[in-house]
Amino acid sequence: MPLTPEEITQAADLLADARRDHRTLPELPGALRPRDEASAYAIQHNVARRLGPVAGWKVGAGGPDEIPTCAPLPADRVTASPARLPAGMFHGIGVEAEIAFRFARDLPPRDRAYSEAEVLDAVDAAMPAIEIVDGRLADGMKADPLSKLADHLVNGAFIHGAPLADWRGRAWTRQPMALSIDGKIVAEAVGGSPVGEPYWLLVWLANVGAAPMGGIRAGEIVTTGSRNPLVFAPPGAKVTASFPGLGDAEAEFTAG
């Protein structure tokens with residue numbers, strides 16, 4: 001049974017307050033825990049509207065035959081590389097190397113679905129990225145999937161590298177990647193993503209995922225999922241995601 005509007009508001013209150021007070025919840029109370037995707041997204045969107053402007057989206061799936069999930073990226077947690085962020089901003093510094101795309105024009109909701117060609121024509125650049133995984137639920141990676149979806153898919157922050165305009169024709173399934181912490185490589189992959197070529201995620205986001213929030217807007221950055229198993233960086237560490245031919249994204253997490 002879906003949550004009622006009142007229950008959605010109460011769940012959003014808890015998550016928004018946890019963000020504001022920089023604390024975690026053991027979990028969402030049972031009566032407020034989403035029991036379907038519609039309720040999870042309703043909570044997520046309720047929180048997102050309180051957080052202010054959106055700078056982009058995260059979208060991903062467990063494989064090419066699975067239905068994707070998505071979450072907006074709050075503008076105050078999106079920054080360009082090289083980034084210096086206080087480690088105290090986070091409860092844990094989970095790091096993922098990702099490939100993102102920047103949109104040059106709006107794709108508002110419409111009755112007729114956007115084709116892949118239309119969606120890609122709206123993209124003006126690809127870029128390397130690091131997502132910081134850090135949620136509002138204690139041990140959020142072990143939370144139930146719908147609670148994680150309500151909690152912005154455990155997004156803590158997002159760092160993007162320089163845009164690459166010459167991105168068309170690249171085979172992202174053959175893209176090498178290395179993630180390093182303080183100069184030591186902790187993850188390497190070629191391709192590394194379970195979704196295959198990521199463009200179908202952008203099409204789904206334009207037609208389905210972003211529609212309840214007004215669609216994709218010019219200037220927004222869409223990141224397409226982790227290229228490595230989740231690893232954690234300690235306070236004071238410098239993290240670099242390197243994608244040969246695409247570029248690097250760097251983030252230093254200052255201690256103290």
Which pairs of donor and acceptor atoms, one on a side chain in residues 174-188, lie under 3.5 Å apart (sequence neighbours left out)?
unit_1 : atom_1 : unit_2 : atom_2 : d
Gln175 : OE1    : Arg170 : NH2    : 3.2
Gln175 : NE2    : Pro244 : O      : 3.0
Asp182 : OD1    : Lys238 : N      : 2.9

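- Contact check for Ser147 versus Leu137: side-chain heavy atoms found under the 4.5 Å cut-off.
- Judged purely by atom type and a 3.5 angstrom limit, Asp151 has no side-chain atom pairing as donor or acceptor with the backbone of Val154.
- Taking CD of Glu197 as the start and CD of Glu116 as the end, the distance is 9.5 Å to the nearest 0.5 Å.
- For the pair Ala150 and Leu15, the tightest heavy-atom approach, listed with the atom from each and the gap, is O-CD1, 3.9 Å.
- Residue pairs meeting the side chain to side chain donor-acceptor pair (under 3.5 Å) criterion with at least one partner in residues 83-104, sequence neighbours excluded, are Arg84-Glu252, Glu98-Thr223, Arg102-Asp124.
- Under the rule for a salt bridge (Lys or Arg N to Asp or Glu O under 4.0 Å), the partners of Arg33 that lie at least two apart in sequence or sit in another chain are Glu27.
- Residues Trp200 and Phe101 fall within the same hydrophobic cluster, defined by Ile, Leu, Val, Met, Phe, Trp and Tyr side chains chained together at heavy-atom separations under 4.5 Å.
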Go through the steps to decide whether Asp13 and Arg50 satisfy the test salt bridge (Lys or Arg N to Asp or Glu O under 4.0 Å), and finish with yes or no. CA-CA 10 Å; Asp13 286 343; Arg50 304 180 195 199; 2.8 Å; yes

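- Counting heavy atoms from C-beta outward, His152 and Lys58 have side chains that stay 4.5 Å or more apart.
- Atom CD1 of Ile99 is separated from atom CZ of Phe243 by 5.0 Å, given to the nearest 0.5 angstrom.
- In this structure, Asp134 contributes its side chain and Ile93 its backbone to no donor-acceptor pair below 3.5 Å.
- Each of Leu73 and Trp204 belongs to its own hydrophobic cluster when Ile, Leu, Val, Met, Phe, Trp and Tyr are linked at side-chain heavy-atom distances under 4.5 angstrom.
- A single hydrophobic cluster is seen to contain both Val222 and Ile132, as judged by linkage of ILVMFWY side chains at heavy-atom distances under 4.5 Å, directly or through other members.
- Contact between Asn228 and Ala97 at its shortest, heavy atoms only, is OD1-N, 2.7 Å.
- Using a distance-only test at 3.5 Å, with no hydrogens or angles considered, a donor-acceptor pair links the side chain of Asp144 to the main chain of Leu146.
- Within the 4.5 Å cutoff, the side chain of Ile43 has heavy atoms near those of the Leu3 side chain.
- The CZ atom of Phe103 lies 5.0 Å from the CG atom of Leu202; values are rounded to the nearest 0.5 Å.
- Atoms CG and CG, on Leu205 and Leu107 in that order, are 9.0 Å from each other to the nearest 0.5 Å.
- In terms of heavy atoms, Pro2 sits closest to Asp36 at CG-OD2, 3.4 Å.
- Of the options Leu201, Val195, Leu153, a side-chain contact (heavy atoms from CB on, under 4.5 Å) to Val59 is made by Leu201 and by none of the others.
- Here CE of Met213 is found 9.0 Å from CD of Glu220. Values are rounded to the nearest 0.5 Å.
- Side-chain contact between Arg136 and Leu25 is absent, with no heavy atoms from C-beta onward closer than 4.5 Å.
- Note that CG of Leu28 and CD of Glu7 are 12.0 Å apart. Values are rounded to the nearest 0.5 Å.
- Looking at residues two or more places apart in sequence or on another chain, you find a side-chain contact (heavy atoms from CB on, under 4.5 Å) between Ser81 and Ile159, Ala249, Glu250.
- Side chains of Thr69 and Tyr41 form a contact here, defined as non-hydrogen atoms less than 4.5 Å apart.
- Side-chain contact between Asp76 and Leu51 is absent, with no heavy atoms from C-beta onward closer than 4.5 Å.
- Using a 4.5 Å heavy-atom cutoff, the side chains of Val119 and Tyr199 are not in contact.
- The ring-ring contact (aromatic ring centres under 6.0 Å, His included) search around Tyr114 returns none, not counting sequence neighbours.
- The two residues Cys70 and Gln44 have their closest heavy-atom pair at O-NE2, 3.0 Å.
- The shortest distance between side-chain heavy atoms of Phe90 and Pro235 does not fall below 4.5 Å.
- Across every non-hydrogen atom of Ala129 and Ala100, the tightest pair is CB-CB, 4.4 Å.
- For the pair Pro109 and Ala211, the tightest heavy-atom approach, listed with the atom from each and the gap, is CG-O, 3.5 Å.
- Sorted by first and then second residue, the pairs that involve residues 153-168 and meet side chain to side chain donor-acceptor pair (under 3.5 Å), not counting sequence neighbours, are Asp121-Arg168, Glu131-Asn155.
- Under the 4.5 Å side-chain heavy-atom criterion for grouping Ile, Leu, Val, Met, Phe, Trp and Tyr, Trp57 is not connected to Ile221 through any hydrophobic cluster.
- Follow the hydrophobic side-chain contacts under 4.5 Å out from Leu149 and you never reach Leu32; the two are in separate clusters.
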